[in-house]
Amino acid sequence: MHLNSHFFKRNTVLVAQDLLGKFLVRKIGKNKLSGMIVETEAYVGPHDLACHASKGKTDRTKVMFEPAGTWYVYMIYGMYYCLNIVTEAKNYPSAVLIRALEPTNLIEFMVKNRNLVPSSQLSVPSRKKLSTDHWALITLSDGPGKLCRALRIDKKLNCTSAVSKDAKLYIEDRGVKISKAKIVKSKRIGVAYAGSWKDRKLRFYIKGNQFVSQV
DNA sequence: CAAGAGATCATCT
DNA sequence: GATGATCTCTTGA
């Protein structure tokens, strides 16, 4: 089931947790790439000092004031994109950052998009005790910049809708249920500048899942 | 293995 | 002019 605006027009922390186990679907021509969301972060509003919109409504952040179910894509460090979905009421700037996926469909297509070195040249940390092929799979979309590259997500998708019928990028419920006991809460990554908000446990991931980002 | 630097640019001061 | 919701590669122990 294609998630609609009612799903996203809710408390951001709830949406962030409920997105675990949902499937991100990217249509490229006839291809439908997809992966299960295994890690998210909540950016809960203008008072959240880690939230880009805490600095007000600017050209970059105006998309966060759009209705729930709008994509917010921005470039970070000059090289990577980050994918967020806008939540809560229109004009309340908040969003969920999608940080990692467990690839499920058209994995070869994602590997091409990532432009990776052959797995034969891959160095697997010895304590992981994994084959290079398995390691190549795990590191395909285990971070916000990597998953955007794997699914060819860039600024062209910024401010587009995830809930319209013809969306090229949207989220599906395929009936996977993640119990509360399997959701780990931790500090958000890379927000040391956010004062009293930097230590809030607004990052969520599926306990024990191999595809969660390495921190 | 850990730690550090470099890539590279949109955004805000 | 500085910095960042990141990732990868190099260095050195």
Side-chain angles (χ1 to χ4, degrees), chain A residues 12-13 15-17 19-20 24 35 37-65 70-88 93-101 103 110-111 113-130 132 135-159 184-205 211-215:
Chain A
T12 307
V13 172
V15 175
Q17 294 181 70
L19 279 174
L20 299 176
L24 183 65
I37 298 169
V38 300
E39 178 180 351
T40 61
E41 282 177 4
Y43 290 84
V44 300
H47 54 298
D48 174 359
L49 295 177
C51 181
H52 291 158
S54 66
K55 300 210 172 94
K57 192 170 183 175
T58 65
D59 274 348
R60 179 209 217 182
T61 63
K62 64 188 179 192
V63 57
M64 298 183 89
F65 294 74
T70 303
W71 292 116
Y72 168 33
V73 182
Y74 69 95
M75 175 165 268
I76 184 70
Y77 298 109
M79 296 206 77
Y80 300 100
Y81 293 101
C82 284
L83 175 68
N84 302 252
I85 185 130
V86 175
T87 57
E88 310 217 21
S94 53
V96 173
L97 170 68
I98 298 177
R99 283 192 58 88
L101 299 177
M110 296 187 205
V111 170
N113 291 339
R114 283 291 311 280
N115 199 15
L116 298 163
V117 300
S119 64
S120 55
Q121 296 176 24
L122 217 51
S123 63
V124 181
S126 55
R127 70 191 157 80
K128 297 283 184 183
K129 297 194 164 68
L130 298 171
T132 52
W135 184 245
L137 177 62
I138 284 178
T139 54
L140 189 54
S141 55
D142 63 337
K146 295 188 207 178
L147 76 88
C148 285
R149 196 159 276 187
L151 298 188
R152 269 198 229 165
I153 292 164
D154 62 24
K155 274 205 87 170
K156 288 197 284 293
L157 287 160
N158 186 45
C159 214
V184 182
K185 303 174 173 138
S186 73
K187 297 176 189 178
R188 293 174 291 185
I189 307 303
V191 297
Y193 60 86
S196 60
W197 282 82
K198 73 181 169 61
D199 294 328
R200 295 286 293 269
K201 294 192 169 179
L202 294 172
R203 170 175 174 244
F204 307 99
Y205 61 90
F211 298 84
V212 170
S213 68
Q214 312 294 302
V215 182

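Throughout, protein chains are lettered first and strands after them, A, B, ... in sequence-line order, and every chain is numbered starting at 1.
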**Item:** Dot-bracket summary - DNA chain B, pairs being Watson-Crick or G-U whose distances fall under 3.5 Å, with | when paired to another strand
**Value:** |||||||.||||.
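Straight-line distance from the CE atom of A:Met79 to the P atom of C:dT8: 10 Å, rounded to whole Å. As a whole-Å value, the separation of A:Arg99 CZ from C:dT6 P is 5 Å. As rounded to whole Å, 17 Å separates atom P of B:dA7 from atom CD1 of A:Ile76. In this structure, A:Asp199 places its CG atom 16 Å from P of C:dA5, rounding to the nearest Å. The separation between A:Leu122 atom CG and C:dC9 atom P is 9 Å, rounded to whole Å. Atom OH in A:Tyr72 sits roughly 14 Å away from atom P in B:dA10 (whole-Å rounding). One interatomic measurement links the two molecules: CZ of A:Arg127 to C1' of B:dC1, which rounds to 8 Å at whole-angstrom precision. We find that CD of A:Gln214 is positioned 21 Å from P of C:dA5, with the value rounded to whole Å.
Minimum atom distance to the side chain of A:Pro144 is reached by C:dC7, of the listed B:dC12, C:dC7, C:dG4. Here B:dT11 is the nucleotide among B:dT11, C:dT8, C:dA5 with the atom lying nearest to any side-chain atom of A:Lys155.
Between atom NE2 of residue A:His52 and atom CG of residue A:Leu97 there is a gap of 9.0 Å, rounded to the nearest 0.5 Å. Between the CZ atom of A:Phe204 and the CD atom of A:Gln17 there is a distance of 4.5 Å, given to the nearest 0.5 Å. Note that CG of A:Asn113 and CG of A:Leu147 are 12.0 Å apart. Values are rounded to the nearest 0.5 Å.
Atom name C1', nucleotides B:dA3 and C:dA5: the rounded distance is 22 Å, in whole Å. The separation of C:dT3 from B:dA5, taken at their C1' atoms, amounts to 16 Å, rounded to a whole angstrom.
An OP1 or OP2 oxygen of C:dC7 is reached within less than 4.0 angstrom by no side-chain nitrogen or oxygen of A:Arg149. Between A:Arg114 and C:dT8, a side-chain N or O to OP1/OP2 separation shorter than 4.0 Å is present. A sub-4.0 Å separation between OP1 or OP2 of B:dT13 and a side-chain N or O of A:Lys55 is absent. Note on A:Lys187: every side-chain N or O is 4.0 Å or more away from OP1 and OP2 of C:dA5. Distances shown here put every side-chain N or O of A:Thr58 at or beyond 4.0 Å from the OP1 or OP2 atom of B:dT11.
Between A:Tyr80 and C:dT6, no base-stacking contact is recorded for ring centres under 5.5 Å apart and planes less than 30° from parallel. Applying the 5.5 angstrom centroid cut-off and the 30 degree plane-angle cut-off, the aromatic ring of A:Tyr43 is stacked upon the base of C:dA5.
Seen from the ring of A:Phe65, A:Lys57 counts as a face-on cation partner, given the 6.0 Å and 45° thresholds.
For A:Gln214 (side chain) and A:Val212 (main-chain N/O), a donor-acceptor pair under 3.5 Å exists by modelled atom type. Put simply, the side chain of A:Arg114 gets close to the backbone of A:Thr139: a donor and an acceptor are under 3.5 Å apart.
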